[in-house]
Amino acid sequence: MALLLFAWEAAGWAGWLNLALLPAPSQIAPQLWQLLVSGSFAVPLGQTLWMLLIGYSTACLFGVLIGLFMGINAYAYGLLEPLVEVVRPIPKPALIPALVIFLGIGPAMEISIVALACMFPILIGTLQGVRGVDPIMTATARTLGCSRSATIWKVVLPSALPMILTGMRVSLGMGLALVILAEMLAAETGVGFRVLDLQRSFQVRSMYAWIVILAVVGLALNTIFERVEDRLVPWRTK
């Protein structure tokens, strides 16, 4: 990373880059420092993370429930699988105009697009995890007197947990990207709106400072998720 920053800095001052469009790190750093010291980053970032949290939590809830239902019930799988495969490949940013029509500009639209984008990787991960559970394990649990609900809770879900968490981890990055895009296209608050507003007013250095903040937030979210994953599935293969 240090080598990359040094090369970027050197390329800028050597005249290989247009500093008006891509400032050197030394030009971005003062703007970033001002944002951090003043605390002015907190409100837009808080608004963005709140929308992400609600949308992502909704996606986790419905993704796991629907995936589990499809995985343990052949009739439900046959009924819902065609619908899932029709909706899943649709690029979710393409749904933003339709959501704006129905939900307007604001939190409801942002939460909905994040939930839609994040739900399908979680659903597929849950479905594959549940369908991949060794039948001998479930048969043994039933033989030992476990009810169907106990078998699902104590055998199926723990066995499928690594796949579920993989879907959640993929969805977390997607959710951050989608909430930023939604704020850029159809919102009046949040980091995405702020970045686009700075770009339109050609405040390029401040714009890149916000992008750096987003990069750090993305890294932090991924790191936190890794720690949680290590606690929940310590037996997983690295």
Side-chain angles (χ1 to χ4, degrees), residues 1-9 11-12 17-60 91-96 99 105-107 109-119 121-122 168-229:
M1 179 61 72
L3 183 60
L4 177 61
L5 291 174
F6 177 78
W8 180 4
E9 183 76 23
L17 301 175
N18 186 340
L19 294 179
L21 301 179
L22 183 59
S26 61
Q27 296 177 316
I28 298 172
Q31 302 297 324
L32 177 60
W33 178 253
Q34 183 179 1
L35 279 174
L36 297 177
V37 170
S38 66
S40 57
F41 72 96
V43 172
L45 182 60
Q47 292 167 336
T48 296
L49 291 179
W50 181 242
M51 295 299 101
L52 173 63
L53 175 63
I54 299 175
Y56 180 71
S57 300
T58 303
C60 289
K92 301 309 176 287
L95 298 176
I96 292 178
L99 290 175
I105 294 175
M109 183 277 297
E110 297 173 48
I111 293 169
S112 297
I113 194 63
V114 170
L116 283 171
C118 293
M119 184 180 72
I122 299 170
M168 288 181 175
R169 184 175 179 182
V170 171
S171 291
L172 185 58
M174 292 177 57
L176 180 60
L178 262 294
V179 73
I180 295 297
L181 180 61
E183 288 173 345
M184 287 181 173
L185 296 179
E188 298 177 347
T189 58
V191 177
F193 172 78
R194 184 65 178 152
V195 169
L196 189 62
D197 186 55
L198 290 169
Q199 181 265 330
R200 287 170 175 168
S201 59
F202 211 70
Q203 299 179 55
V204 178
R205 297 177 186 179
S206 295
M207 180 191 75
Y208 281 108
W210 276 105
I211 292 174
V212 171
I213 290 175
L214 279 177
V216 172
V217 168
L219 177 62
L221 290 175
N222 186 68
T223 302
I224 292 170
F225 196 93
E226 282 186 340
R227 299 293 184 270
V228 173
E229 196 172 8

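Quick note: numbers below take in every heavy atom, side chains included, and nothing from hydrogens, waters or symmetry partners.
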Please report the closest heavy-atom contact between Cys118 and Gly175, naming both atoms and the distance. SG-CA, 3.4 Å

Which atom pair, heavy atoms only, marks the closest approach of Ile96 to Ala182? CD1-CA, 4.1 Å

Taking every heavy atom of Pro23 against every heavy atom of Arg205, the minimum-distance pair comes out as CG-CG, 3.8 Å

Atom pair CD1/OG1 of Ile105 and Thr189 - distance to nearest 0.5 Å: 11.0 Å

Separation of Leu198 CG from Phe193 CZ (nearest 0.5 Å): 9.5 Å

List the atom of Ile113, the atom of Lys92, and the distance in Å for their closest heavy-atom pair. CD1-O, 3.0 Å

Please report the interatomic distance CG(Leu53) to OG1(Thr58), rounded to the nearest 0.5 Å. 9.0 Å

Exercise: identify the closest heavy-atom pair between Phe41 and Ile213: CB-CD1, 4.0 Å

CG-CG distance between Asn222 and Leu176, expressed to the nearest 0.5 angstrom: 11.0 Å

For the pair Gln31 (side chain) and Ser206 (backbone), establish whether a donor and an acceptor sit closer than 3.5 Å, ignoring hydrogens and angles. no

When rounded to the nearest 0.5 Å, the distance separating CE of Met109 from CG of Leu95 is 11.5 Å

What's the spacing between Ile211 CD1 and Ile28 CD1 if we round to 0.5 Å? 8.0 Å

Got Met184 and Val195 here, is their nearest side-chain heavy-atom distance under 4.5 Å? yes

Please check if the side chain of Glu183 supplies one atom and the backbone of Val191 the other of a donor-acceptor pair under 3.5 Å. yes

Do NZ/NE/NH1/NH2 and the carboxylate oxygens of Arg194 and Asp197 come within less than 4.0 Å? yes

Between Tyr208 (side chain only) and Ala24 (backbone N and O only), is there a donor and an acceptor less than 3.5 Å apart? no

I need the minimum non-hydrogen distance between Phe202 and Leu21, along with the two atoms involved. CZ-CD2, 3.9 Å

I'd like to know whether Leu214 forms a side chain to side chain contact (heavy atoms under 4.5 Å, CB included) with Trp210, so could you lay out the CA-CA distance, the side-chain angles of the two residues, the decisive distance to 0.1 Å, and finally the verdict. CA-CA 6 Å; Leu214 279 177; Trp210 276 105; 5.9 Å; no

